[in-house]
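Being a predicted model, the structure only gives us computed values, none of them experimental. Order of the sequence lines sets the chain letters (A, B, ...), proteins ahead of strands, with each chain counted from 1.
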Amino acid sequence: MKAVELSKSYNPKDFEERIYSYWKENGEFKPRNIEKDGHFSVVMPPPNVTGVLHMGHALNNVLQDIIVRYHRMTGVPTLWVPGTDHAGIATQNVVERQLKADGLRRQDLGREKFLERTWLVKEKHHAIIKSQLEKMGCSCDWDHERFTMDEGLSKAVRECFVTLYERGLIYKGKYLVNYCPKCGTALSDDEVEYESEPGKLYHIRYPYSDGSGYIIVATTRPETMFGDSAVAVHPEDERYKSVVGKTLDLPLTDRKIKIIADSFVSREFGTGMVKITPAHDPNDFECGRRNNLEQINILNPDGTLNENVPEKYRGLSAVDARALVVKDLEDAGFVEKIEDHNHDVGHCYRCHTIIEPYLSDQWFVRMKSLAEKAMDALKKNDIVFYPKRWENTYSRWLEGIRDWCISRQLWWGHRIPVWYCKDCGAEIVMREDPTECPHCHSHSLEQDSDVLDTWFSSWLWPFSTLGWPEESEDLKKFFPTSALVSAYDIIFFWISRMIMSSEEFLDKAPFKDIVITGLVRDKLGRKMSKSLGNGVDPLLIIDSYGADSLKFTLCYMAAQGQDVLIDNDSFKMGSRFANKIWNATRFLLMNLEGRELVNFNVSDLTTMDKWIYSRFNSAAEEIKKAMEGYRFNDAASAVYSFFWNDLCDWYIEDTKQKLLSGTEDEKNLQISILMDLLEKSMRLMHPFLSFITEEIYQKLPNHNGDVIVASYPEPDKAMEFKEDAEKVEALKDIVKNIRSVRSNLQIAPEKKIKVVLRTSSSFKALDLVKSEKAFISTLIGSKDFIIDEDSSYDTSSSLPTSGPGYECFLFIRDAIDVEEEIKKLNSDIEKANKLLEGAEKKLNNEAFIKNAKAEAVEKEKKKKSEALEIIEKSKEHIKMLQSL
RNA sequence: GGAGGAUUAGCUCAGCGGGAGAGCGCCUGCCUUACAAGCAGGAUGUCACAAGUUCAAUCCUUGUAUCCUCCA
């Protein structure tokens, strides 16, 4: 057989792109064995088509890719559905910003032209996102790719809206939106920029209607008092318990309002009494809903005061009205005091006008019944959160659920499927676009101008992407999906709502396992943002270190939903590991020269061989357990320490000599075992380092097809080899012990020394030490390594050292600093004494013997005897040194 | 105000009832027939503080302190 050449260093650019195309062309991402029972399916949280993918997306998709690849290799029919989200507001903003650069507004283009332009932006960003996902190596099935506004999903949205409407779960109502009086449009919360500004806190007297004095409320916006419907206090505020329910005269008006109790009031703010203006403050709005208060809108759409205020203030702007109101209140003696006060004021992100909370007509979904079903899903264990603590967050939010405002005053999105008859005023909601009014047969119909909230399409994602409302084959085979991987910041927006819609329309939870990841932050724990300039671009990481380095590093750091703190250098870790894999492979493939692969079975294996198979088996077991609990970092460490610390550092080192000096048959057997281990390792590591394992796998003489669809190594009881594994650990202990002594004495590596090993009857690895004599000699740098079985060798004038069941004598007289060595031995004795003390304390404790697990007792006994052995030998060794 | 999280080696973090761990960094020595992106060895910790439960607590419970996040 010829050697297989590998380039001298790991260079992911040589193969990552090629391998991705290869997988794609061979249809490796498509579900296989679909005739088989069971399935594993994942829907990708759809990235917004506004931007490019950041490190958070990388983390999310890398973890999905790991679980998808892992399950695909177990042989179940596996599907990963990719897709993107139209992201209404965000995308519309991108286009509007472009227009603004040309001095245009969206109204200047008109709805149709504007949308054409938005689709172009969508196409552009979609292409970028797709190519990024491909670069990361995501093994999603592109034939199943969806977009929230494509035909099928739009149909799902329509079906959903109409059905909910028919079930009486959708209604039109008043809602407070962020409103820019200058732009004449509602803004989303994201579009409001808050700044801390100096202002005043006005303390105003509101007299009791019965003339028994007055109370004082504190407000930053006195002009809104015309919209007041109540004054609220905290229900447990001792100062005001007795006044709840009393009536007040609202100054400057002839209206009367009541004092109510509501726990949202802060007792510390101002006087602890707050005026409630439901139509002009978000908190007051919610409070008003809870307490059934009147909503009095005092503003015109242009931001001036309307007919609901006394005549003299009508038509004034909020700022002008405030000045006049304060003056009038002062003149009438209603002002207690005015203080300086800083507060956050919202501004329009476009024109920087102060935004007004504005009461307007919006569409809502009635959430209570939906939320109850979603809570039941958790109670019935149909869904499980990883980590579990998020279940509380989820439940609590559902308990306090509020109706969902689903209309947006935008153009980009799913148009609300409601038509109004201009003649009879009927509200028409149908699955197909109506051509005439079903009531008066008028053709004069007008569609609602608003669009639906983006989440109204994404909450259907797990089943709309599989074909719902059609009863598609995909839906039958792959729904409900198996796992959802998402960050915790969208549990409310998205995850909960998907569960609600799925329970409502399909009577099932949309997924079983909910894997909550942390957020990716910089090394200082700050969110990555453009303005801070602390972002780490996944593409740049791929460019400098490769996609596998990105993936492995993120996986290694993604512990149990904890935030992941990284900088550019963090990814060196993955890169070093990939390089290690590359080079170990290069070495092994070089050794194929002139060899023949042979079949072998367990009886051909040496103790060392059994040890490495045993390590491999433990790794497979650890990974299996870790993957079942979505503990990605544990899986990554198992992969890492097996390949590097066990396979490379010990096993391959051991085989080097055998490959050089054995007989032809021995060499053939050895390389065959190594190839077997390498082949298995590639399969074991593939979910975590996908590209490099495929590239290597294809070059192995014993490979079988593509690793991406090869079978995943299962833990196997027959490969545990416990006794052999323990023997090798004993051998390692001897080597480490001697190496440590050498290093401490600064004995140059090239200086070969004589070493005598003496073992006690409790030492079980004597046969192994004998058969691995050559290997040990190399590792400890000895030209003369003697196994002194009958303790007859003269060890005087040597340096002794000991471990469990053995003593070593190093003949390095010149190097020994007797005093230093005695000091070391004394400190060994001290440590052993502490151990002994601890063990004896426990063993002498009757309660311990009685209550503790048998293993724990055994362990303490072993500890004790080992400590005694160390003490005894060390004392002996001190005597030896003293007689030198 | 409510809730959750964090507090372990210089840094970033795992571990979570029975002898304190990883990666990076640091120190020492090595280009040993894959890998200097490497090898070998080494140092460093009142596991935040205080009580409690337990035969046994870094790990469980409660409280305190500091920091972070979300909700209001």
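- A:Glu869 and A:Lys873 are joined by a salt bridge, as a carboxylate oxygen and a charged side-chain nitrogen come within less than 4.0 angstrom of each other.
- Applying the 4.0 Å criterion to OP1 and OP2 of B:A40, one finds that A:Arg742 has every side-chain N and O outside that range.
- On the P atoms, B:C47 is 14 Å away from B:U7, given to the nearest whole Å.
- Taking every side-chain heavy atom of A:Ala852 into account, B:C55 is the closest of B:G23, B:C39, B:C55.
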With ring pair (Phe, Tyr, Trp, His ring centres under 6.0 Å) as the test, would you mind laying out the steps for A:Tyr556 and A:Phe632 before giving the verdict? CA-CA 7 Å; A:Tyr556 193 89; A:Phe632 296 100; over 10 Å; no
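- Under 4.0 Å is where a charged nitrogen must lie from a carboxylate oxygen, and between A:Lys658 and A:Glu772 at least one such pair does.
- Within 4.0 Å of A:Ser637, counting heavy atoms only, lies no atom of the nucleic acid at all.
- As rounded to whole Å, 14 Å separates atom P of B:G17 from atom NZ of A:Lys859.
- Rounded to whole Å, the P atom of B:C24 lies 16 Å from the corresponding atom of B:A36.
- Going from atom CG of A:Asp563 over to atom C1' of B:G4 covers 12 Å, rounded to whole Å.
- At the phosphate of B:C24, neither OP1 nor OP2 sits under 4.0 Å from any side-chain N or O atom of A:Ser570.
- The C1' atoms of B:A14 and B:A9 are separated by 13 Å, rounded to the nearest whole Å.
- The side chain of A:Lys8 approaches B:A36 more closely than any other nucleotide in the set B:G25, B:A36, B:C55.
- Look at B:C67: its Watson-Crick or wobble partner, with both distances under 3.5 angstrom, is B:G5.
- When heavy atoms are screened at a 4.0 angstrom cut-off, A:Asp649 is found touching the sugar-phosphate backbone but no base atom.
- Nearer to the 5' terminus of RNA chain B, by closest-nucleotide assignment, is the contact made by A:Ala856 (compared with the other of A:Ala856 and A:Asn845).
- Formation of a donor-acceptor pair under 3.5 Å by the A:Glu16 side chain with backbone atoms of A:Gly546 is not found in this model.
- B:C16 and B:A6 have their C1' atoms separated by 15 Å, with the value rounded to a whole Å.
- Checking B:U12, B:C55, B:G42 against every side-chain atom of A:Asn744, the shortest atom distance belongs to B:G42.
- A:Arg586 places its CZ atom 8 Å from the P atom of B:A36, with the value rounded to the nearest Å.
- Here A:Leu660 lies in heavy-atom contact (under 4.0 Å) with a base.
- Comparing B:G41, B:C35, B:U28 by their closest approach to the side chain of A:Gln746 singles out B:U28.
- Taking a pair to require two hydrogen-bonding distances under 3.5 Å in either a Watson-Crick or a G-U wobble arrangement, B:U58 remains unpaired.
- Side-chain atoms of A:Asp654 never come within 3.5 Å of backbone atoms of A:Trp650 as a donor-acceptor pair (strictly under, hydrogens ignored).
- The side chain of A:Tyr10 approaches B:A37 more closely than any other nucleotide in the set B:A37, B:U12, B:C55.
- The side chain of A:Tyr556 has B:A22 as its nearest neighbour among B:A22, B:A34, B:C30.
- Rounded to whole Å, the separation between the C1' atoms of B:A20 and B:G45 comes to 8 Å.
- Residue side chain A:Lys853 does not reach the base of B:A56 through any donor-acceptor N/O pair under 3.5 Å, judged by distance alone.
- Between B:C55 and A:Asn851, a contact under 4.0 Å exists linking OP1 or OP2 to a side-chain N or O.
- Side chain of A:Arg389, nearest nucleotide from B:G23, B:G4, B:C55: B:G4.
- Taking the side chain of A:Ser740 as heavy atoms from C-beta on, and the options B:C35, B:C55, B:G42, the nearest nucleotide is B:G42.
- For A:Phe492, the listed nucleotide lying nearest its side chain is B:C71; candidates were B:C71, B:C35, B:G23.
- Counting non-hydrogen atoms under 4.0 angstrom, A:Glu866 reaches a base of the nucleic acid.
- B:A65 and B:A48 have their C1' atoms separated by 8 Å, with the value rounded to a whole Å.
- Taking atom CG on A:Leu779 and atom C1' on B:U32, their separation rounds to 11 Å, with Å as the unit.
- Residue contacts for A:Ala584: at a heavy-atom cut-off of 4.0 Å it reaches a base atom on one of the strands shown.
- If you look at A:Tyr651 and A:Trp644, their ring centroids are not closer than 6.0 Å.
- Contact annotation: A:Trp644 side-chain N/O to B:C39 OP1/OP2 distance is under 4.0 Å.
- A distance below 6.0 Å separates the ring centres of A:Phe552 and A:Phe577.
- At the heavy-atom level, A:Lys656 lies under 4.0 Å from base atoms of the strands shown.
- Heavy atoms of A:Asn579 sit under 4.0 angstrom from at least one base atom.
- The distance from atom CD of A:Glu391 to atom C1' of B:G4 is 14 Å, rounded to the nearest whole Å.
- In this structure, A:Glu653 reaches the bases: a heavy-atom distance under 4.0 Å links it to at least one base atom across the strands shown.
- For the P atoms, the distance from B:G2 to B:G10 is 36 Å, rounded to whole Å.
- One P atom belongs to B:C60, the other to B:G4, and the distance between them is 15 Å to the nearest Å.
- Note on A:Arg739: every side-chain N or O is 4.0 Å or more away from OP1 and OP2 of B:C39.
- Ion pairing between A:Glu653 and A:Lys656 holds under the 4.0 Å rule for side-chain N and carboxylate O.
- When both distances must be under 3.5 Å, the Watson-Crick or G-U wobble mate of B:U28 is B:A40.
- Nearest nucleotide to the side chain of A:Tyr640, out of B:G23, B:C35, B:G18: B:G23.
- Side-chain to base pairing of A:Glu860 with B:A56: no donor and acceptor N or O lie closer than 3.5 Å to each other.
- Base pairing annotation: B:C13 forms a Watson-Crick or G-U wobble pair with B:G21, both donor-acceptor distances under 3.5 Å.
- To the nearest angstrom, C1' of B:A22 lies 13 Å from CD of A:Glu622.
- Of the charged side-chain nitrogens involved, none lies within less than 4.0 Å of a carboxylate oxygen, so that A:Glu866 and A:Lys863 do not count as a salt-bridged pair.
- The base of B:C35 lies close enough to the side chain of A:Lys580 for a donor and an acceptor atom to sit less than 3.5 Å apart.
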